[in-house]
Each structure stands twice: as C-alpha cells, then as structure tokens.
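Order of the sequence lines sets the chain letters (A, B, ...), proteins ahead of strands, with each chain counted from 1.
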4 protein chains.
Amino acid sequence: MLRRLTERSNGGEDKRGLILHAAVRVFARKGFHGCRVGDIAEEAGVAHGLLYHYFRSKDEVLECVFNETWADILAAARMVEETDEPARERLSGIAKILLRAWRRDPDLVRVVIREVVRSPELQRRISEIHAAFAAIERIIVRGQEEGEFRSDVDPRLASFVFYGALEEILTGWVLGTLDDGDEQIARAEQTVVEIVCGGLAPDRQAAKL
Amino acid sequence: MLRRLTERSNGGEDKRGLILHAAVRVFARKGFHGCRVGDIAEEAGVAHGLLYHYFRSKDEVLECVFNETWADILAAARMVEETDEPARERLSGIAKILLRAWRRDPDLVRVVIREVVRSPELQRRISEIHAAFAAIERIIVRGQEEGEFRSDVDPRLASFVFYGALEEILTGWVLGTLDDGDEQIARAEQTVVEIVCGGLAPDRQAAKL
Amino acid sequence: MLRRLTERSNGGEDKRGLILHAAVRVFARKGFHGCRVGDIAEEAGVAHGLLYHYFRSKDEVLECVFNETWADILAAARMVEETDEPARERLSGIAKILLRAWRRDPDLVRVVIREVVRSPELQRRISEIHAAFAAIERIIVRGQEEGEFRSDVDPRLASFVFYGALEEILTGWVLGTLDDGDEQIARAEQTVVEIVCGGLAPDRQAAKL
Amino acid sequence: MLRRLTERSNGGEDKRGLILHAAVRVFARKGFHGCRVGDIAEEAGVAHGLLYHYFRSKDEVLECVFNETWADILAAARMVEETDEPARERLSGIAKILLRAWRRDPDLVRVVIREVVRSPELQRRISEIHAAFAAIERIIVRGQEEGEFRSDVDPRLASFVFYGALEEILTGWVLGTLDDGDEQIARAEQTVVEIVCGGLAPDRQAAKL
DNA sequence: AATGAATGAGTTTTCATTCAT
DNA sequence: TATGAATGAAAACTCATTCAT
C-alpha cells in the first residue's frame, strides 16, 4: 500500500493507502504525538471516522507505516546478502538501499527514524528491525571467513558500527544538519563503506586489539 | 543537580534533584509521552503540584534533564579535544566518555538517546547536541592536517560515522539487543576506535574514493 | 414476524424477521445500549445497512420487538378475561400466559422485561403495557363484585401485587436466580395464584384492613 | 455519602457526595444512558474533570449510587429480620422500609429500580441484591416453622411474590401509573402484607397445592 | 434488495496546569 | 515549601445513519 521505499509508486491508490500516505506526511511534519487523528484525516481528505475503518487506533497507523515499509527494506537487504559479490560490495549494496530511501521518500524515512526506531512503545513489535542487523552481521562474518575482513573484530559490534553510521547520516539529513544533495548522498555511501571496510581490512598490523 | 554523567554524584539531594532523578527513571521506563506528571511526582515521593515550583512545565523537566547532562558531556569532550595526544587517542577519549556514561547511569542515557536527541519538539537544542559533532569533526580535521588520517574523506561525514557508531551501540544496550557487561563496554570502545581509525588511516592505497 | 410468545412460530422466515430475531438474541445477551447495530446485523448474517431498509432506527427495532410481542400477550389476556370461569381461574390463565412465555422464548421475555418495561425512553408505550394491568384489575373487580374476592382491598393495588409477583419470577428466571425447569414453571403458576387468591379470599376475618 | 434512604440527610456535604447526589437527580431525570458526564458535573456545579477525581468512570458512579444505597436498605432489612415479632410484623417492616424509601428519596428509588436492578451490565456486582431476597425468605421459613404460615408453599417462590409486589408498586410510583400520596403509601404497605400473609395463612383448606 | 465504505456529531476520558490552603 | 482538589482544553474513539454501487 505504501509507496515502497525500494520500488516505484503504484499509481492507483485506495483509501487505506491514501490515509497511510497522509499519515506519513503528517507524522513527518508534526511528529506522531504532535498531531491529531483529525490532522491525518484532513490531510487524506477523508472523515476521521474512516481511519477507524482501516485501523484500530492511531498507534496502529504508525505501526503499519513501519511494517509495510521495513519489510521492503529487509527484502532488499536479503537480496543483497545472497549475492556472491565481495563483502565490501554487499555492504555497499546495503548502504545504497538505506541511504537512497532518503531521496525516494524523505518523509517516510523521517518518520521511521524519529518515531518508530526508538519508540519505547513499539519496541516489542520490532524484532524485525534487528533482522537487518543480522543480515549485516552475516555479511561481515562471511567476509571474515573468506579472509576479506580481519577476524579479530566482533562481527556483531561491527554491524552496529556500520548500521549506526548509516542511521546517523540519515538522521543528519532528517534534522537538516547534513547536506543531502544527490552528490552528497553518493559520497556518503562511499565514505561509510570506505571507512568501515577499511577499518575491517585484514592487511593491517592490527594494533593490540 | 542530576547525577553527572561524567563525575560522581553529589551526595546531598534536594527536592529539585529528587524530581529530576525520578523523571529520568520514569522517562526511561515509559517514555516522555507515555508518562504523566503524576508518575514523576509519585516516583519522587512528592505531590505533583510541587513539580511546578521547580519547573515551568513537563517539557521543561525533559529539557533540564538534557541540559544538565549534555553540558557535562560537552565539557568533557572539549577537554579531550584540547589534549595534545594523537587523534586516535582523542577519539578514544570521546568514545570512553559516551560509552561509559552508560555504565554510570543507563536510564539517563536511555532518555537522552530516545527522547531528546530525536525529538521533533526539541530541535532548538540540536545546535547544542551537534556541538559534540563539531568537536569530533575538529579532532578528525586536525588528524588529517597532521597526517594521522587520510585527507580524502569528508571529516564531517566521518564524524557522523564515528558518532553514529557510538550511539548505535548505546542504543543496543538501551534496547537490550547488545551485551553490556563491563568487559563488553571496554571492548566496544576499542572496536569502534579500531574500525573508524583503521578506516581513516592514510597508509592505504585509498582505492578510488 | 417474531416468533409469537403465545402461538407457534411461523415456519418461513423473511429477512425482516431474521433481523428482529437476531435483535432479540443480541439485546438479551448484551442489552440494548450494550450492543451495536452491527452486532445485530452480524447475528442475523446480513450487512448492517440492510437493517435500515426494514427499520427506521435502532430504537425502532426495539419498539417492534415489543409491539409484536406484547400485542399477542394482550390479546391472549383479553381472551382469558372474557371467559366466564371463576376469577381465580382467569387469574390462573393470565399467569399461565406470562410465565409460559418464558419457556417458549426466554430471550424475548428477557428483553421485554429488561429493556422495554422500564425504559425511560419508551414511556409512551406504557399505556399499552398497562393495558395488561387493566385486564387483571377488571378480573379482580369482577371477582369482588361476584363475592369471590373480599371487597376491602384496592383492586388496582391488588393487580400490582399479582403482576409484580409474576414479573419478579420471570426476572428470577432471566437472571438465573430461580430454577426454571418445566416443573418449577408449573409450580410457580400455582403458587402465585394460590397466594394472591388466598390473600384475596373473603372468608377471612379481614383484620382491620 | 449519599443521603441515606433509611436515615436523615447529613447536613455537611463533601464534593464526592455532591456529585453522587447530582448523579441521582440526573439519572432519575434522563436515565443513565440518556445523560452525559457533563450533565452530572453541571448539576453538581463542578467541572466534569472532578468527577474523575472521585470515580473511575461514569459506570462507577452508578455503581456507587447503588452500593451506598442498598447497603442501607439491607442493613435495615436485617435489623427487622432479627426482631422477635410475628413473621407478619417482620414482613410488614420490610415493606415499610422499601416503600417509604420512595417518599424519602424518589429519585434514588427511580434510579435503583430503572437503571440498576435490571441492568445487564451490573448483574455481576449484584449478588447483594439477592441478600434482600434471602432475608425475606428466612422470615417466611421461620414463619412456616412456627406455624404462622402454611408449609406447603415454596418459601423461595413466596419471597419472590412478596418482593415482586413491592417492587411493582414502587415501579408504579416511579412511572406515575399509581398514586403515591402519603395515604396511598400507607395503604400499599397494608395491602401487600394483607394479601401475601393472607395467602400464606395456614388455617385454609389449602386446596391441592 | 443488499452491501459496506463513508460520514461526523457526540461522548467519555485524560492530564497538564492552577491555586487555595 | 508543599499539597492535592479543582479546572477545562484537548483528543481519541464510537457508532448510528447515509448512500453510492
């Protein structure tokens, strides 16, 4: 229903999708707690009662925004994971997916970053978030097994470094503290991969780590 | 008043501090929007009316939590910045400050991470938040100038990678998805510094970045 | 349309009857105010919109339940009234009609007792409800005139005693606080008639009433 | 808190009692489902929010009206039960208590009769209602044991007859279908006792019951 | 006749904030 | 300082009813 982060928009738009999109825009503008159900309905051009035809509550709307978004991201990440390219290329693929989502639908990323990812209320449902971490971790582990990455680094921690770097850059764009021109986006991708994969490269005298 | 993240607690505890501490615990447990003023007062063992003697509003309580916390972090970061140690050591110092705050007061970190850093309402505070980024960036720039780090990487982006990695690890501890034993904390510090400084090291044939 | 309280069900069942029956079951289970129009429709297996083809409103459904029920009761009561049997036999006939309705359709009785008879909104129907009282009162008056009952008792009050006794027993069955086996039903009939007619018997030294 | 049905009003009136009394008046006038929380607050002359300081919900207000009322009735009934007067006198005492409550506080009786006694929602809490029945039944049983009443009548059914007669008369007054002048009230008491005790008298040839 | 999406007035409830004591 | 009763704006949510299909 949602304009997919990873694919193109699906022209035809039913009411449920209309509401979900409106919600994304409104959440992005005013925040989840800063808007009323009526704001979403107004943005969607429907009566607020209709929202309850499609969703059980305001909370459920946010949850759906997340579910029907992250699933796409995850699927894309899995596809990248299964490639047989070098680990560096696969991490680069993951970075592309996450960072380019910003150019495709900034409001959506804004909402996921600000409202969902750290929400204490939604933490339960979000084991799925960590599936993304798992994918990154698996890529790193395989990179270590195949000698592309040094083995003396905890792959779990490394996945947090990689994912955290990406999320922070998205946050910078969301909050407006980091340039987000097309060129900047491409450069951000390269930089993250360069730094993290550089740091994981094996041919170094690995200090006393 | 708050138990400082960077220093020790100041034994005597006045009512204002009592309320502020209680707020941190309650915000950590239920989130800012998920708790009532009465919850904070109850946790502090005072009547909720008293809260309004010390703070203008519930919002102001959160703001104070942030102010009286982040100021410490910032001061500590500035001290590290002005050292004459190698850039790597200085980044390591920053990592220590942020990550060890977790061991000192997890609830406080939880609140800053979840409620303040990404709050749409507190965007005015962002400049202060990002003073920390500036410190990191300056360390990197100096590292580049002094030949310790490669120069073909945007230092601003690099500071996001470093800070994002640290914040993600804190988040992992906050959400319980990452081990936070004493040993793990020490290792996390090392790993982040190792990866990021490794990735920034100049003696590499720097690909085509 | 409703399964008559006093006669047998009319085999074939149109949609209107389907809805009316469903309403009786739902009202009995959750109360008029405790159910939604959609509950009735669901119980009837139709879309809730259809309800508005047959009834002007939810209120009208309840009113129809009453009308098409009480009319039967009343007609039966009138028939009994016009008999030439002794007053005691005629009261016994009334008791039979009311109490046996319970065995025939408990839900319907439940609804009439709980939702209609005492409803503040349906007070206009009270005249019809109390036509039943009038019938009972007339029987008693005639009993007094013919010497079967003592004359120093207000027949109107006596009719309240008689009707109240019956309704309370029905209520006991409705609420499950009184046994309602077939045998109990027959015995209840006898007991009410016995007590009330006994109390109305003239051959007593009538105290100082 | 409530103006007791069985005792005099307690001059001094706290806010909770104010609200409870206002609720009784409003429920009596418009019915529980026909009034809004705001109506109660307005009648009490307080802000509607205050209602939630003293009660958890609108439902709880009704429940309290009942609890803090019926307890009194029950206590009074128990006192009567323990007397050593003849059973007839004791039943007469019960009748007095119930019927005179009407003169003392008609609104309260109206509410209890219309909203509480038959409410499907409140049935759970109301095992207490039946404590009244039990008291009546015990009086009758003792009357039978002591030869004052005939023994071939089920005392449980007889208690329903007695209580039902009283409730129906109250209902008549509530609905305005029965005169309720002072004289009528006294006469109603006598009539109910006369009929029921007359019907229960042993010196009759008891038919084939 | 039949459906169920759509409407929106109406209601309960919450809760930050005030203020008399 | 300290309390907690009192306020009332604000919001989520319900649900009877309408209506295009």
When you check every protein heavy atom under 4.0 Å of nucleotides 12-21 of chain F, what one-letter string (B, S, -) results, 5' to 3'?
SBBSSBB---

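- Between C:Lys15 and E:dA2 there is a side-chain N or O to OP1 or OP2 distance below 4.0 Å.
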Can you give the dot-bracket line for DNA chain E, where a pair is Watson-Crick or G-U wobble with both atom distances under 3.5 Å, crossing pairs use [ ], and | marks a partner on another strand?
.||||||||||||||||||||

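- For A:Arg29, the side-chain hydrogen bond (donor to acceptor under 3.5 Å, both in side chains) criterion is met by A:Glu43, not counting sequence neighbours.
- By the salt bridge (charged side-chain N to carboxylate O under 4.0 Å, His left out) test, B:Asp107 is found to be paired with B:Arg110, residues two or more places apart in sequence or in another chain being considered.
- Residue B:Arg16 contributes atom CZ, which lies 14 Å from atom P of F:dA2 at whole-angstrom precision.
- For residues 46-57 of chain C, the set of pairs meeting the salt bridge (charged side-chain N to carboxylate O under 4.0 Å, His left out) definition, not counting sequence neighbours, comprises C:Arg56-C:Glu60.
- Applying the side-chain contact (heavy atoms from CB on, under 4.5 Å) rule to D:Tyr52 yields the partners D:Val37; only residues at least two apart in sequence or on another chain are considered.
- Atom CG in C:Leu51 sits roughly 14 Å away from atom P in E:dA1 (whole-Å rounding).
- Partners of B:Glu42 by side-chain hydrogen bond (donor to acceptor under 3.5 Å, both in side chains), not counting sequence neighbours: none found.
- A donor-acceptor pair under 3.5 Å is absent between the side-chain atoms of A:Lys30 and the main chain of A:Arg36, judged by distance alone.
- The side-chain hydrogen bond (donor to acceptor under 3.5 Å, both in side chains) test applied to A:Lys15 returns no partner, not counting sequence neighbours.
- Regarding C:Ile19, its CD1 atom lies at a distance of 11 Å from the P atom of E:dA1, rounded to whole Å.
- Taking atom CD of C:Glu42 as the reference point, atom C1' of E:dG4 lies 13 Å away to the nearest angstrom.
- Using a 4.0 Å heavy-atom criterion, one finds that D:Phe55 contacts no nucleic acid atom at all.
- Side-chain atoms of D:Arg114 come within 3.5 Å of backbone atoms of D:Ala28 as a donor-acceptor pair (strictly under, hydrogens ignored).
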